[in-house]
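To keep things clear, I will list the structure first and then write my remarks on it.
Protein chains get the first letters and strands the later ones, always in sequence-line order, with residue 1 at the start of each.
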There are 2 protein chains.
Amino acid sequence: MPKLVADDIASLLRKRISSGEWQDAGRMPPERDLAVEFGVARNTVRRAVGFLEEDGTVVRHVGRGTFLATSNPSSMAAVVSRMEGTSPADMMEIRQLLEPAAASFAATNASASELNAVIEAHRIACEASDMPTFEHWDAEFHHRIFACSRNDFLKEIHNLMRILRNQAPWFEMKKRSFSEERRAIYCTEHQLVLDALMRRDPEGASRAMLAHLRTVERNLLGR
Amino acid sequence: MPKLVADDIASLLRKRISSGEWQDAGRMPPERDLAVEFGVARNTVRRAVGFLEEDGTVVRHVGRGTFLATSNPSSMAAVVSRMEGTSPADMMEIRQLLEPAAASFAATNASASELNAVIEAHRIACEASDMPTFEHWDAEFHHRIFACSRNDFLKEIHNLMRILRNQAPWFEMKKRSFSEERRAIYCTEHQLVLDALMRRDPEGASRAMLAHLRTVERNLLGR
DNA sequence: CTGGTCTGATCCAATGGTGAGCCAATACTA
DNA sequence: TAGTATTGGCTCACCATTGGATCAGACCAG
């Protein structure tokens, strides 16, 4: 049995909260009690509760206790937690909006060294012999294109999508849809995007990226 | 059976990773345990894990363990906090990508009651007599269009943008660029978007929204 | 014999939990 | 109103776990 660390405690607490366990009054037990209950030191519980506090799940008051934050649907934390339920179909739709644009920006803005980074990611992905390595460098290829786009917000949105895509349901789905043949197709399509970037052809990069994402969508969603 | 060398261990590990074996928490067992499990020296495991680290499959931290690189290197929270520094120019660029698409989706998908909600927001905004009220219902107008889009992820991205736009630097900027004349222009432009939605004309809605956002950008950034 | 690789062992340094103690804000009670 | 108990905020020394690094020796193929 793995030892409980602060992260574990935090996710246990989250579970209890979402199961509505101390919904009444919104008050959690004191840290000292939780420490006994989980069989860890109070310091550890404190760190765990600290995480919940950081993302706004919980509010603490000295002498009073720790309380569930009155859920504000428009808080960042709420938005992020709703995003975790994003469906692959919705995500692919948005990728098809954003990535062609990112590729187009990249064709205009990328510096030589940024472009080299993209090329390198493409090369490693093509040479990869196993699925996880390919997966990783495929994602990196896309990410590095966003990095060329000169729009920090766009970059961060892509980070968000990347994180969401690395969660459990996606992992299964990617594994299921992977095949050697498809990998080869992706490499070819990436190459087309790359060619357009190197030609400094925004229109072409956008088109090539869109075509690629359509392929990915088809494979992923089995349409 | 041939003796196991570092390369063999590496590919065994890759298999386990891709089979999702330690997907939860993304943490691999400590090197010492792996060494026992595979029946080789820890040095050998170290080299093997070193390969995985080189190609980015895995990240190692002294005192913590070895983690699958796919499990967010940058956490959601970090992404969100970086987003708080988003510049108005970057944001407007992304709005011009997403909102026309949202309007287009809305033209195809909106139900009658959703459409009514958009109409109502538009009406109140037009009748508003002070800047904060107008501001609020203007935002609501845009938001309700996203709500019609039938893409939850898109909706949440818009929530994110909305929160960011309500922060200090934006508030100043919006106040500065506000004028009675501009308000009237916005109402006219909103009306055009609305007309297209009611005609169920995705193409037209997209165009009208883009035109509107170009106006907003010009006013906001003073270009 | 030589070069490459695994073994087993040892030490280092970073991370993070433990347990204990004290403070200050709040709530409860006499 | 005053005193006491509860509760979160904070710090400290200590220690277990874990990856980082190195070394001498064994084994094997060429």
Side-chain angles (χ1 to χ4, degrees), chain A residues 1-14 16-17 21-70 132, chain B residues 1-14 16-17 21-75 77-78:
Chain A
M1 187 183 71
K3 201 167 71 180
L4 291 180
V5 298
D7 280 321
D8 303 326
I9 307 275
S11 69
L12 285 177
L13 288 176
R14 273 186 225 280
R16 291 212 188 174
I17 290 171
E21 185 157 338
W22 22 69
Q23 198 61 19
D24 47 319
R27 182 178 174 174
M28 284 172 52
E31 297 173 350
R32 291 170 170 87
D33 291 4
L34 288 175
V36 174
E37 183 181 336
F38 289 118
V40 298
R42 187 180 152 224
N43 266 338
T44 308
V45 171
R46 275 191 61 67
R47 198 130 12 104
V49 177
F51 296 147
L52 301 196
E53 191 183 23
E54 264 177 44
D55 56 41
T57 310
V58 121
V59 189
R60 301 201 270 193
H61 296 288
V62 180
R64 293 182 57 206
T66 302
F67 300 83
L68 306 193
T70 51
Chain B
M1 188 180 78
K3 203 161 68 178
L4 294 179
V5 299
D7 281 323
D8 303 328
I9 308 276
S11 67
L12 283 177
L13 287 176
R14 276 188 224 280
R16 290 214 188 173
I17 290 171
E21 184 157 337
W22 21 70
Q23 193 59 19
D24 49 321
R27 183 178 175 174
M28 283 172 52
E31 296 174 350
R32 289 168 170 88
D33 291 6
L34 288 174
V36 173
E37 183 181 336
F38 289 119
V40 298
R42 187 180 155 226
N43 266 338
T44 310
V45 171
R46 275 191 60 66
R47 196 125 29 89
V49 178
F51 297 147
L52 301 197
E53 190 182 23
E54 265 175 44
D55 54 43
T57 310
V58 122
V59 186
R60 301 200 270 193
H61 296 288
V62 180
R64 292 181 58 205
T66 303
F67 300 81
L68 306 193
T70 52
S71 84
N72 48 355
S74 51
S75 74

Practice problem: Look at B:Arg47 and C:dC6 and indicate whether a side-chain polar atom (N or O) is within less than 4.0 Å of OP1 or OP2. | Solution: yes

Quiz item: For D:dG9, does OP1 or OP2 lie under 4.0 Å from any side-chain N or O of A:Arg46?
Solution: yes

Self-check item: No-H, no-angle donor-acceptor pair, A:Arg60 side chain to D:dG9 base, under 3.5 Å
Solution: no

Practice problem: May I have the distance from B:Phe67 (atom CZ) to D:dG19 (atom C1'), rounded to whole angstrom? | Solution: 11 Å

Self-check item: Contact under 4.0 Å: B:Thr44 side-chain N or O vs C:dT7 OP1/OP2
Solution: yes

Quiz item: If you take atom types as modelled and just measure distance, does the side chain of B:Arg32 reach the base of D:dG19 with a donor-acceptor pair under 3.5 Å?
Solution: yes

Practice problem: Return the 5'-most residue of the pair A:Asp33, B:Glu53 with respect to DNA chain D, ranking by each residue's nearest nucleotide. | Solution: A:Asp33

Quiz prompt | N/O donor-acceptor pair under 3.5 Å between B:Arg46 side chain and B:Ala41 backbone | solution = no

Quiz item: Considering only side-chain heavy atoms of A:Asn43, which listed nucleotide, C:dT10, C:dA9, C:dG19, is closest?
Solution: C:dG19

Practice problem: Please report, rounded to the nearest Å, how far the C1' atom of C:dA13 is from the NE2 atom of B:His61. | Solution: 15 Å

Self-check item: salt bridge (Lys or Arg N to Asp or Glu O under 4.0 Å) partner of B:Glu37, the single match among B:Arg32, B:Arg16, B:Arg42
Solution: B:Arg16

Exercise. Would you check if B:Leu13 and B:Phe38 make a side-chain contact, meaning some heavy-atom pair closer than 4.5 Å?
Key: yes

Exercise. Tell me what B:Val49 touches on the nucleic acid: a base, only sugar-phosphate, or nothing, going by heavy atoms under 4.0 Å.
Key: nothing

Practice problem: Taking all heavy atoms of B:Ala6 and all of B:Ala48, pick out the closest pair and write down the distance. | Solution: O-CB, 3.5 Å

Exercise. With the side chain counted from C-beta on, respond yes when A:Val5 and A:Asp8 share a heavy-atom pair under 4.5 Å apart, and no when they do not.
Key: yes

Quiz prompt | From D:dG8, D:dT18, C:dT26, nucleotide with atom closest to A:Thr66 side chain | solution = D:dG8

Quiz prompt | Atom-to-atom span, CZ of B:Arg27 to C1' of C:dT15 - whole angstrom | solution = 10 Å

Quiz prompt | Minimum-distance nucleotide (side-chain atoms of A:Arg64 versus D:dG9, C:dG19, C:dT26) | solution = C:dT26

Practice problem: Would you please confirm or rule out a distance under 4.0 Å between OP1 or OP2 of D:dG9 and any side-chain N or O of A:Arg42? | Solution: no

Exercise. Check the distance between C:dC6's P and B:Leu34's CG and give it to me in whole angstrom.
Key: 16 Å

Exercise. Using the closest heavy atom to pick a nucleotide of DNA chain C for each, name whichever of A:Val40 or B:Gly39 lands nearer the 5' end.
Key: B:Gly39

